[in-house]
Structure formats: C-alpha cells, structure tokens
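Worth knowing before you read on, the calculation uses all heavy atoms, side chains too, and leaves out hydrogens, waters and symmetry mates.
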Amino acid sequence: QVQLVESGGGLVQPGGSLRLSCAASGRIVKINNMGWYRQAPGQQRELVAAITSGGSTNYAASVKGRFSISQDNAKNTAYMQMGSLKPEDTAVYSCNANVYSWNTGSVTYWGQGTQVTVSS
C-alpha cells in the first residue's frame, strides 16, 4: 500500500557531502515518523536520524552536527543532508517510515536501500 523511493546515494570523497531523499507514496493517512538507518558490513543496523510528523528529530551521536534530517510534509518526503563525510560513514542507507492507513493501521515500511561510499 505504501512505497518508499530513495535517491541520492553514491561515491564521495572524505569531507564531501551527499543529500539523500526518501519519498513515500500510497494510501497514506498519516506518516508518524520517517528516518534513515544504515548498516555497514559486519555491523548492526543503526538509526542515523529520524523525524516525526511534528518535526522532532533524533540523531545518532556519531553523526550529530554533520547530518541533518528534514521533511516536506506536502510531498511526504524526508531528506538527509550529509556533510563532512568520513570513511566510517560508508554503509547501506535505508529509509524507514511508520505510516497509518485506514485499511492496514500503522505499518512500518522500508526503502530498497542505497549505497553510500566515502573513499579517496
């Protein structure tokens, strides 16, 4: 019922920037929250940044001050601006959204994941 479409991943040099986008579409009554997770090889998946419909944000300590999440409610789209990128930021980044609809109630959806590689 809901699809998440991600874009913006790629290869970037240390110190560079990337902007990830996640657009939600479908039978949406309310998006309770949207966020970005990442998983590096051999690592557990971790929350990077999240934002609620009211605009409250949460960041992993490792990215706070470097990454910024925002949301365009009219477009049901979340963005994550990633700056001062480090090799340690290399991971598969996945968009997540908890969405309420009349027919399913609240359901969590995941995007397909996009690779971010920070390397010289």
Working to the nearest 0.5 angstrom, can you tell me the gap between S106 OG and Y100 OH? 7.0 Å
Would you be so kind as to tabulate the donor-acceptor pairs closer than 3.5 Å made by side chains of residues 76-88, with sequence neighbours excluded?
residue, atom, partner, partner atom, Å
T77, OG1, K75, O, 2.9

Applying side-chain hydrogen bond (donor to acceptor under 3.5 Å, both in side chains), name anything that partners E6, two or more places apart in sequence or on another chain. none
For atom CD of Q39, decide whether the heavy atoms of other residues, nucleotides or ligands shown that lie under 6.0 angstrom number more than 12. yes
Residues at least two apart in sequence or cross-chain that pass side-chain contact (heavy atoms from CB on, under 4.5 Å) with A91, listed by chain then number, are R38, A40, Y93
Hits for salt bridge (Lys or Arg N to Asp or Glu O under 4.0 Å) against R66, two or more places apart or cross-chain, chain-then-number order -> D89
Nonpolar side-chain network containing V5, other nodes, edges under 4.5 Å: none
Any side-chain heavy-atom pair from V99 and N32 closer than 4.5 angstrom? no
Could you work out, with side-chain contact (heavy atoms from CB on, under 4.5 Å) as the rule, every residue matching S119, not counting sequence neighbours? L11, T117
Membership question, hydrophobic clusters at under 4.5 Å side-chain separation (ILVMFWY): are L20 and V12 in the same one? yes
If you round to the nearest 0.5 Å, how far is OG1 of T114 from CH2 of W36? 7.5 Å
For S53, give me all partners under side-chain contact (heavy atoms from CB on, under 4.5 Å), at least two apart in sequence or on another chain. K30
What residues, two or more places apart in sequence or in another chain, satisfy side-chain hydrogen bond (donor to acceptor under 3.5 Å, both in side chains) together with R19? none
Could you name each residue pair satisfying disulfide bond (SG atoms under 2.5 Å apart) that touches residues 81-115, not counting sequence neighbours? C22-C95
Same apolar cluster (I L V M F W Y, side chains within < 4.5 Å links), L18/I51: yes
Sorted by first residue and then second, give each ring pair (Phe, Tyr, Trp, His ring centres under 6.0 Å) pair with at least one member in residues 42-70; sequence neighbours left out. none
Side-chain heavy atoms nearer than 4.5 Å, only ILVMFWY residues, links allowed to pass through others: does that put V63 and L47 together? no
By side-chain contact (heavy atoms from CB on, under 4.5 Å), T108 pairs with (sequence neighbours left out) N96, N98, W110
OG on S21 to CG on L4, rounded to 0.5 Å: 12.5 Å
Look at the side-chain heavy atoms of Ile, Leu, Val, Met, Phe, Trp and Tyr, link any pair under 4.5 Å apart, and say whether V2 and V107 land in one connected group. yes
Taking side-chain hydrogen bond (donor to acceptor under 3.5 Å, both in side chains) as the definition, give me every residue that meets it alongside T104, ordered by chain and number, with sequence neighbours left out. S101
Please determine whether residues V48 and I69 belong to a single hydrophobic cluster, defined as Ile, Leu, Val, Met, Phe, Trp and Tyr linked transitively by side-chain heavy-atom distances below 4.5 Å. yes
